[in-house]
Amino acid sequence: MELVTWSDPKYFVFANALIRSLRYHENENIIHYNLMDFNEEQCEKVKNMFAKDSKIRFIRTNSNQFDYKVNNKTEFYRNYRPRLFLKLLEQSESGKICTFGANGIVFTKLCYVEEHLDKNDFVFLERQKQNVHTSSPKRVSGIDDVQALVEQGLDLDKILETTTGKVVLLGLHAMRNSEVCHEILKNWIEMIEHTSVVNKTYSDMNLFVKSVINYQMKNNIKIKTATSRGTP
């Protein structure tokens with residue numbers, strides 16, 4: 001399994017801590033670190049800091065190289081990530097990647113995540129939220145519960161605009177090189193890059209939820225996930 005994170009220069013202090021926490025807890029995986037809007041001097045400084053770690057792969061991205069209709073760089077960084085995920089997943093020798101927001105810290109070995117990916121297409125965190133749309137259930141506990149509301153006739157976009165739709169956290173987001181993952185990632189990319197809601201807070205996570213639900217309803221299946229379903 002290969003690991004992925006990304007940051008701009010301001011967030012490097014967090015990415016640095018994340019990478020060092022991974023190594024401290026004996027995660028010897030290849031790490032892909034996407035340097036976003038780093039200048040030459042900044043890039044060299046980071047590479048020198050990790051010069052003794054031969055398993056870090058550096059990627060350089062500049063927000064000006066893409067014609068994204070976003071209001072600022074922060075939104076670009078959030079919404080660029082599914083395109084990064086898909087590219088690295090397709091190139092991965094292991095066929096598995098585990099991605100982290102730069103402000104995360106790891107306190108354990110990640111073997112269990114890789115084991116989950118032996119049987120599941122995705123690993124991420126689902127959480128409970130109050131259902132403000134119908135009298136029952138009182139709370140929804142993840143994507144499938146939101147999909148159940150859609151199947152009752154509720155509009156998915158309207159659900160995602162409310163707290164009820166905020167059922168996914170993608171601070172850790174692992175996936176394997178499968179047809180299911182490819183399709184969901186491609187749909188996620190399409191929605192992120194061609195939508196008027198791209199600049200809204202949580203739009204990237206909400207559109208992942210939408211991509212999964214659309215895929216499941218279109219194909220009449222439930223994708224295989226490990227999610228800590230129902231976590232508050």
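Just the heavy atoms: all of them, side chains too, but no hydrogens, waters or symmetry mates, feed the values below.
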CG (Leu86) and CD (Glu90) are apart, to the nearest 0.5 Å, by 4.0 Å
To the nearest 0.5 Å, atom OG of Ser21 lies from atom CZ of Phe107 at 7.0 Å
For Met175 and Leu89, run side chain to side chain contact (heavy atoms under 4.5 Å, CB included): C-alpha distance rounded to whole Å, both residues' side-chain angles, the deciding distance at 0.1 Å, then the answer.
CA-CA 8 Å; Met175 59 206 75; Leu89 188 62; 4.0 Å; yes
Can Leu156 and Val146 be said to form a side chain to side chain contact (heavy atoms under 4.5 Å, CB included), step by step?
CA-CA 8 Å; Leu156 177 55; Val146 173; 3.9 Å; yes
Please report the C-alpha distance between Ile184 and Ile223 in whole Å, then the side-chain angles of each, then the deciding distance to 0.1 Å, and finally whether the side chain to side chain contact (heavy atoms under 4.5 Å, CB included) criterion is met.
CA-CA 10 Å; Ile184 288 173; Ile223 67 172; 3.8 Å; yes
Side-chain contact test, heavy atoms from C-beta onward, threshold under 4.5 Å: evaluate it for Leu88 versus Leu84 and give yes or no.
yes
Could you point out which residue of Lys96, Glu93, His182, Gln91 forms a side-chain hydrogen bond (donor to acceptor under 3.5 Å, both in side chains) with Asn177?
His182
Contact check, side chains of Leu18 and Val106, non-hydrogen atoms, under 4.5 Å:
yes
Looking at side-chain heavy atoms only, is the closest gap between Asn29 and Lys109 below 4.5 Å?
no
What are the two closest heavy atoms between Val168 and Met205, and how far apart are they?
O-SD, 3.4 Å
Distance check, rounded to the nearest 0.5 Å: Leu117 atom CG versus Leu110 atom CG?
10.5 Å
Taking the side chain as everything from C-beta on, heavy atoms only, tell me whether Ile192 gets closer than 4.5 Å to Asp204.
yes
Does Tyr11, at its OH atom, have more than 12 non-hydrogen atoms belonging to other residues, nucleotides or ligands within less than 6.0 Å?
no
Is Tyr215 linked to Ile159 within one hydrophobic cluster, defined over Ile, Leu, Val, Met, Phe, Trp and Tyr using a side-chain heavy-atom separation of less than 4.5 Å?
yes
Among Glu2, Lys87, Arg57, whose side-chain hydrogen bond (donor to acceptor under 3.5 Å, both in side chains) with His32 holds?
Glu2
N/O donor-acceptor pair under 3.5 Å between Asn27 side chain and Arg23 backbone
no
Please give me the minimum heavy-atom distance between Val113 and Ala174, naming the atom from each residue.
CG1-CB, 3.7 Å
Please answer: with hydrophobic residues joined when any side-chain heavy atoms are less than 4.5 Å apart, are Val123 and Leu170 in the same cluster?
no
May I ask you to check whether Arg20 and Asn16 show a side-chain donor-acceptor distance below 3.5 Å?
yes
Asp157 bridged to Lys210 by N-O distance under 4.0 Å
yes
Residue pair Lys47 / Tyr33, side-chain heavy-atom distance below 4.5 Å
no
Indicate yes or no: does Glu40 engage Arg60 in a salt bridge with an N to O separation below 4.0 Å.
yes
Establish whether Ile189 and Val180 are linked, either directly or via other cluster members, by ILVMFWY side-chain heavy-atom contacts under 4.5 Å.
yes
Same cluster (ILVMFWY, side-chain, under 4.5 Å), Val13 and Phe50:
no
Are the side chain of Asn131 and the backbone of Val140 linked by a donor-acceptor contact shorter than 3.5 Å?
no
Count the heavy atoms of every other residue, nucleotide or ligand shown that sit under 6.0 Å from CD of Glu151, and state whether that count exceeds 12.
yes
Pair Ser92-Ser94, side-chain donor/acceptor within less than 3.5 Å:
yes
Is there any ring-ring contact (aromatic ring centres under 6.0 Å, His included) pair reaching into residues 114-146, and which pairs are they, with sequence neighbours excluded?
Phe122-His173, Phe122-Phe208, Phe124-His173, Phe124-Phe208
Where do Thr5 and Gly101 come nearest, in terms of heavy atoms and distance?
OG1-C, 4.0 Å
Counting the benzene-type ring for Trp, do Trp6 and Phe85 have ring centres under 6.0 Å apart?
yes
Hey, does Gln147 have a side-chain heavy atom less than 4.5 Å from the side chain of Ile213?
yes
Side chains of Leu172 and Cys98, heavy atoms from C-beta outward: is any pair under 4.5 Å?
yes
Determine whether more than 12 heavy atoms belonging to other residues, nucleotides or ligands lie under 6.0 Å from atom CZ of Phe58.
yes
Neighbour count above 12 (heavy atom, 6.0 Å) for Glu28 CD
yes
Quick one: which residue pairs count as a salt bridge (Lys or Arg N to Asp or Glu O under 4.0 Å) with a foot in residues 167-180, not counting sequence neighbours?
Asp121-Arg176
Under the side-chain hydrogen bond (donor to acceptor under 3.5 Å, both in side chains) test, residues paired with Gln152 that sit two or more places apart:
none
For the pair Thr164 and Leu149, evaluate side chain to side chain contact (heavy atoms under 4.5 Å, CB included) and give the outcome as yes or no after the intermediate values.
CA-CA 10 Å; Thr164 304; Leu149 296 178; 4.1 Å; yes
So, for Tyr80 and Met36, which heavy atoms are closest and what is the spacing to 0.1 Å?
CD2-CE, 3.5 Å
Would you say the side-chain atoms of Gln130 and Arg139 include a donor-acceptor pair closer than 3.5 Å?
no
Return the minimal non-hydrogen interatomic distance between Ile19 and Ile31, and the atom names on each side.
CG2-CD1, 4.0 Å
Over 12 non-hydrogen atoms of neighbours within 6.0 angstrom of NZ in Lys222:
yes
When rounded to the nearest 0.5 angstrom, what distance separates CZ in Arg127 from OG1 in Thr227?
13.0 Å
Looking at SG of Cys111 and CE of Met1, how far apart are the two atoms once the value is rounded to the nearest 0.5 Å?
7.5 Å
Apply the test side-chain hydrogen bond (donor to acceptor under 3.5 Å, both in side chains) to residues Thr225 and Asn120: give CA-CA distance (whole Å), side-chain angles for both, the deciding distance (0.1 Å), then the verdict.
CA-CA 5 Å; Thr225 61; Asn120 297 280; 5.5 Å; no
Between Asn206 and Leu160 (side chain of the first, backbone of the second, donor and acceptor by atom type, cut-off under 3.5 Å), is there such a pair?
yes
Can you tell if the side chain of Thr134 reaches within under 4.5 Å of the side chain of Leu154, non-hydrogen atoms only?
yes
Can you tell me how far apart OG (Ser7) and CG (Leu35) are? Round to the nearest 0.5 Å.
7.0 Å
Quick check on the hydrophobic clustering: are Val4 and Phe100 connected, directly or via other members, by side-chain heavy-atom contacts under 4.5 Å?
no
If every non-hydrogen atom of Asn103 is compared with every non-hydrogen atom of Phe14, which pair is closest and at what distance?
CA-CB, 3.8 Å
